[in-house]
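Working notes for the structure below.
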Amino acid sequence: MKQGLGTQLRHLIELLDGAVQQAYAEAGLDYRPRYTPVMRILAQQQSATIGELAELAGITQPAATQTVALMKKEGLLRVAASGEDGRQRVVRLSDQGEALLPRLQACWQATKRAADSLDAELESPLSECLAQAIAVLGQRSFGERIRDASKKTRSTP
């Protein structure tokens with residue numbers, strides 16, 4: 001039986017994230033792959049709001065909020081109120097987060113080389129296929145596609 005798209009994607013994420021998590025553990029790092037987009041952004045710019053992190057990382061604001069909360073709890077980030085009314089929160093790397101960067105960057109370089117080798121072995125590079133799928137879904141969501149398909153299913157005798 002052919003696996004559905006969702007099952008395939010979950011399995012792919014398990015394979016990729018599991019290997020990355022193992023690489024961090026082998027490097028002696030207690031670090032989650034989901035932290036990487038936030039760490040990379042804050043390594044390039046000194047601070048960002050939660051909204052900016054979400055936008056730059058290409059994730060939802062609730063996902064960014066959850067990730068920042070976890071990272072703050074683990075001592076990787078500092079979060080301070082900002083803005084006129086103090087509702088906006090500005091995120092910065094903590095001293096612990098800053099100290100971790102050189103070891104993380106070595107892991108990121110190895111991960112990039114591994115991803116490049118995977119792309120080279122595929123007929124169509126996975127990174128390009130994923131970028132294309134994200135762009136196309138940005139124009140017409142998967143939810144919209146499901147609704148359209150449901151209408152066609154109901155109207156088919």
Side-chain angles (χ1 to χ4, degrees), residues 1-77 91-94 96-153 156:
M1 182 169 116
K2 182 180 175 187
Q3 292 181 330
L5 180 61
T7 301
Q8 289 177 311
L9 288 172
R10 276 188 288 283
H11 186 61
L12 179 62
I13 290 296
E14 288 171 6
L15 293 172
L16 296 175
D17 261 5
V20 172
Q21 183 69 52
Q22 182 63 35
Y24 289 134
E26 289 171 3
L29 298 171
D30 182 20
Y31 178 84
R32 299 180 192 193
R34 77 179 279 179
Y35 297 167
T36 298
V38 172
M39 290 294 284
R40 284 180 179 259
I41 291 164
L42 295 175
Q44 291 178 349
Q45 59 187 57
Q46 301 231 335
S47 65
T49 65
I50 302 272
E52 290 169 338
L53 289 171
E55 184 178 335
L56 292 169
I59 59 177
T60 65
Q61 189 144 348
T65 300
Q66 288 177 343
T67 301
V68 165
L70 288 169
M71 293 175 74
K72 181 182 177 197
K73 185 178 179 181
E74 292 188 23
L76 299 173
L77 301 178
V91 181
R92 291 180 171 78
L93 291 176
S94 67
Q96 180 182 336
E98 288 276 353
L100 200 57
L101 277 177
R103 294 172 63 200
L104 286 174
Q105 287 167 334
C107 288
W108 296 339
Q109 288 172 353
T111 301
K112 169 82 167 84
R113 286 191 300 272
D116 290 346
S117 76
L118 174 60
D119 275 353
E121 291 182 38
L122 298 172
E123 287 180 30
S124 177
L126 181 60
S127 59
E128 290 177 17
C129 183
L130 293 173
Q132 182 182 10
I134 290 166
V136 168
L137 289 171
Q139 294 173 358
R140 185 167 161 240
S141 75
F142 201 62
E144 186 177 337
R145 292 164 192 273
I146 292 170
R147 286 187 293 280
D148 290 348
S150 293
K151 289 176 191 173
K152 289 177 184 171
T153 301
T156 303

Side chains of [X] and [Y]: closer than 4.5 Å at any heavy-atom pair?
X: Ile41; Y: Val91; value: no
X: Leu93; Y: Met39; value: yes
X: Leu76; Y: Val38; value: no
X: Pro37; Y: Ile59; value: no
X: Thr36; Y: Tyr24; value: yes
X: Leu12; Y: Leu16; value: yes

Minimum heavy-atom distance Gln21-Tyr31, with the two atoms named: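 Looking at all heavy atoms of both residues, the closest pair is NE2-O, 3.1 Å.
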
Which atom of Gln96 lies closest to which atom of Glu74, heavy atoms considered: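 It is NE2-O, 3.3 Å.
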
From CA spacing to verdict: side-chain contact (heavy atoms from CB on, under 4.5 Å), Leu42, Leu53: CA-CA 9 Å; Leu42 295 175; Leu53 289 171; 4.2 Å; yes

Residues, nucleotides or ligands: over 12 heavy atoms within 6.0 Å of Gln105 CD: yes

Gln45 atom CD, neighbour heavy-atom count above 12 within 6.0 Å: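 Counting neighbours around CD of Gln45, more than 12 heavy atoms of other residues, nucleotides or ligands fall under 6.0 Å, so yes.
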
Salt bridge (Lys or Arg N to Asp or Glu O under 4.0 Å) partners of Asp116, counting only residues at least two apart: Lys112

I'd like a table of donor-acceptor pairs (distance under 3.5 Å, sequence neighbours excluded) in which one partner is a side-chain atom from residues 128-141, with atom names and distances.
from	atom 1	to	atom 2	distance (Å)
Arg140	NH2	Asp148	OD2	2.7
Ser141	OG	Gly143	N	3.4
Ser141	OG	Glu144	N	3.0

From OG (Ser94) to NZ (Lys72), nearest 0.5 Å: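 It comes to 11.5 Å.
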
